[in-house]
Trainee: 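Below is a structure I'd like to ask you about.
Quick note: numbers below take in every heavy atom, side chains included, and nothing from hydrogens, waters or symmetry partners. Numbering of ligands and ligand atoms starts at 1, following listing order. Numbering of residues begins at 1 and proceeds along the displayed sequence.
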Amino acid sequence: MARKKIALIGGGQIGGVLAQLCALRELGDVVMFDIVEGMPSGKMLDLSEANRVDGFDADLKGTSDYKDIAGSDVVIVTAGLPRKPGMSRDDLLATNAKIMAQVSQGIKEHAPNAFVIIISNPLDAMVTLCQRLTGFPKERVMGMAGVLDSARFSCFIAWELGVSVKDVNAMVLGGHGDTMVPIKRFANVNGIPVYDLLKRKYNGDMNKVEEVMTAMVERTKGAGGEVVKLLGNGSAFYSPASSAIAMVEAILRDQKRLLPVCALLEGEYGVNGFYVGVPVVLGSKGIEEIVEMELDDEEKKLFDVSCAAVKELVEAMDKVL
Ligand code: APR
């Protein structure tokens with residue numbers, strides 16, 4: 001069986017880690033495309049020369065020609081500017097929308113059968129634009145945000161409780177911005193609600209429990225910005241790359257993973273025609289199912305606020321284009 005082919009559009013910080021993870025996990029051959037000529041070839045040559053040491057078989061190629069992405073099974077898009085300290089993801093809208101328009105054209109022409117995973121920010125708007133411009137079915141065009149936001153929430157829970165993050169399950173829904181919705185009620189450690197574990201830790205002091213939970217939720221919402229501030233130049237790249245790779249693996253290996261993914265809703269959750277983060281089943285057909293969770297009144301209210309923010313963002317994008 002021929003190897004799968006993965007195209008990376010954007011060979012910057014996230015693109016580089018994506019390529020390395022694809023190679024280390026032998027997910028397939030990789031083509032890295034970037035408008036900066038030479039750089040993607042340099043990165044892919046450098047990574048190729050680690051193949052003996054890391055022991056992977058994969059052809060890695062850098063390019064500035066869209067023709068080279070032909071036949072890709074999956075395309076991951078990170079093309080675009082990252083945030084600078086003090087910027088919100090939404091501040092990237094005008095610049096990255098123009099880049100996404102070019103990229104979508106390239107994918108449509110040269111990789112018409114690929115699954116497309118968008119990472120570029122502002123995520124919810126960029127994935128909307130890509131789906132509109134490629135015209136690909138909604139099952140094949142999705143955004144990576146929920147896996148990362150949920151991973152961050154899980155990480156903070158594990159640190160707070162002093163347990164292995166491997167046993168933590170927590171999910172974040174909604175848009176990939178300040179209004180994202182960490183679902184506190186269902187967060188658990190191997191089935192035990194995080195609320196119960198916090199109650200035990202703080203001897204039943206429910207004010208303290210709420211205070212700690214709120215702090216973890218707020219840190220999750222601001223986690224990207226926290227990294228941006230520390231880096232001083234650029235935004236998070238290890239964790240976004242790992243999160244996208246989990247999605248690629250679910251698709252290429254038909255894992256049927258239930259993951260929060262930015263998906264086009266057509267009636268689900270009472271939303272019509274917008275991309276928002278919701279739990280989906282991810283397998284060889286892409287988004288195979290959108291899972292409608294029963295949200296309580298508070299969660300529903302926060303989810304609606306988040307959807308309204310996404311709608312506003314998409315309308316702002318329509319104005320700049
Ligand atoms: N086509 C292809 N690549 C492009 C284009 C374009 N039209 N315009 C810019 N690029 C490339 C840049 O040359 C750069 O190499 O996109 C790459 C982006 O890399 P970085 O600046 O290192 O940004 P990165 O940290 O990888 O983040 C990329 O993902 O999480 C989001 O907010 C983040 O929007 C940002 C994106």
Trainee: Taking only residues two or more places apart in sequence or in another chain, which ones pass ring pair (Phe, Tyr, Trp, His ring centres under 6.0 Å) with Phe136?
Mentor: none
Trainee: Would you name the heavy atoms of Lys43 and Gln13 that are closest together and state the gap between them?
Mentor: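 Nearest pair, atom of Lys43 first, then Gln13: NZ-N, 4.5 Å.
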Trainee: Looking at atom 35 (C) of ligand 1, what's its closest protein heavy atom, distance included?
Mentor: Leu81 O, 3.3 Å
Trainee: Counting non-hydrogen protein atoms only, what is the nearest one to atom 32 (O) of ligand 1? Give residue, atom name and distance.
Mentor: Asn121 ND2, 3.0 Å
Trainee: Just heavy atoms, cut-off under 4.0 Å: does Met39 contact ligand 1 by side chain, backbone, both, or neither?
Mentor: side chain
Trainee: Have a look at Thr78 and tell me which of Leu18, Val17, Leu8 forms a side chain to side chain contact (heavy atoms under 4.5 Å, CB included) with it.
Mentor: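 Result: among Leu18, Val17, Leu8, Leu18 is the only option passing the side chain to side chain contact (heavy atoms under 4.5 Å, CB included) with Thr78.
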Trainee: Got the closest protein heavy atom to atom 6 (C) of ligand 1, with its distance?
Mentor: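 The closest heavy atom on the protein side is Ile99 CG2, 3.6 Å.
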Trainee: What part of Gln102, side chain, backbone, both or neither, has a heavy atom within less than 4.0 angstrom of ligand 1?
Mentor: side chain
Trainee: Heavy-atom contact under 4.0 Å between Gly234 and ligand 1?
Mentor: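 For ligand 1, residue contact (heavy atoms, under 4.0 Å) with Gly234 is absent.
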Trainee: Against heavy atoms of Asn96, which atoms of ligand 1 measure under 4.0 Å?
Mentor: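 That gives atoms 34 (O) of ligand 1.
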Trainee: Looking at Gln20 and Leu47, would you say the former's side chain and the latter's main chain have a donor-acceptor pair under 3.5 Å?
Mentor: no
Trainee: Per the side chain to side chain contact (heavy atoms under 4.5 Å, CB included) rule, which among Val209, Val163, Val189 passes with Leu197?
Mentor: Val189
Trainee: Would you check, one step at a time, whether the test salt bridge (Lys or Arg N to Asp or Glu O under 4.0 Å) holds for Glu298 with Lys184?
Mentor: CA-CA 11 Å; Glu298 186 201 340; Lys184 303 177 281 187; 3.6 Å; yes
Trainee: Would you mind checking which non-hydrogen protein atom is closest to atom 25 (O) of ligand 1, with the distance to 0.1 Å?
Mentor: Gln13 CB, 3.5 Å
Trainee: Do Arg83 and ligand 1 have an N or O pair less than 3.5 Å apart?
Mentor: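 N/O-N/O distance below 3.5 Å does not exist for this pair.
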Trainee: If you compare all heavy atoms of Pro279 against all heavy atoms of Met171, which two are closest, and at what distance to 0.1 Å?
Mentor: CG-CE, 3.8 Å
Trainee: Determine the sole option in Leu92, Val127, Val314 for which the side chain to side chain contact (heavy atoms under 4.5 Å, CB included) test with Pro122 is passed.
Mentor: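 Result for side chain to side chain contact (heavy atoms under 4.5 Å, CB included) with Pro122: Leu92.
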Trainee: Given Ala145, Gly80, Gly12, which one has a non-hydrogen atom that is nearest to atom 10 (N) of ligand 1?
Mentor: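 Nearest option to atom 10 (N) of ligand 1, by heavy atoms: Gly80.
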Trainee: Pair up each side-chain donor or acceptor in residues 30-40 with any protein partner under 3.5 Å, not counting sequence neighbours, and list the distances.
Mentor:
residue, atom, partner, partner atom, Å
Asp34, OD1, Val36, N, 3.0
Asp34, OD2, Gly11, N, 2.7

Trainee: As an exercise, identify every atom of ligand 1 less than 4.0 angstrom from a heavy atom of Val36.
Mentor: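 In order of numbering, the contacting atoms are 13 (O).
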Trainee: Quick check: Asp34 and ligand 1, any N/O pair under 3.5 Å apart?
Mentor: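 Right, the criterion is met.
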Trainee: May I ask which of Pro40, Ala79, Gly11 has a heavy atom nearer to atom 3 (N) of ligand 1 than the others do?
Mentor: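 Shortest heavy-atom distance from atom 3 (N) of ligand 1: Ala79.
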Trainee: Identify the closest protein heavy atom to atom 23 (O) of ligand 1: which residue and atom is it, and at what distance?
Mentor: Pro82 CG, 3.7 Å
Trainee: So which heavy atom in the protein is nearest atom 1 (N) of ligand 1, and how far is it from that ligand atom?
Mentor: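 For atom 1 (N) of ligand 1, the nearest protein heavy atom comes out as Ile35 CG2, 3.7 Å.
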Trainee: Hey, looking at atom 28 (C) of ligand 1, which of Leu18, Val17, Thr78, Leu92 has the closest heavy atom?
Mentor: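 Minimum heavy-atom distance to atom 28 (C) of ligand 1 goes to Thr78.
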Trainee: What's the shortest heavy-atom distance between Ile251 and Gly286, and which atoms?
Mentor: CG1-CA, 4.5 Å
Trainee: So for atom NZ, which belongs to Lys256, do other residues, nucleotides or ligands contribute more than 12 heavy atoms lying within a distance under 6.0 Å?
Mentor: yes
Trainee: Among Ile118, Asn233, Leu148, Ile14, which one puts a heavy atom closest to atom 30 (O) of ligand 1?
Mentor: Ile14
Trainee: Non-hydrogen atoms of Pro240 versus ligand 1: any pair closer than 4.0 Å?
Mentor: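 The answer is no: ligand 1 sits nowhere under 4.0 Å from a heavy atom of Pro240.
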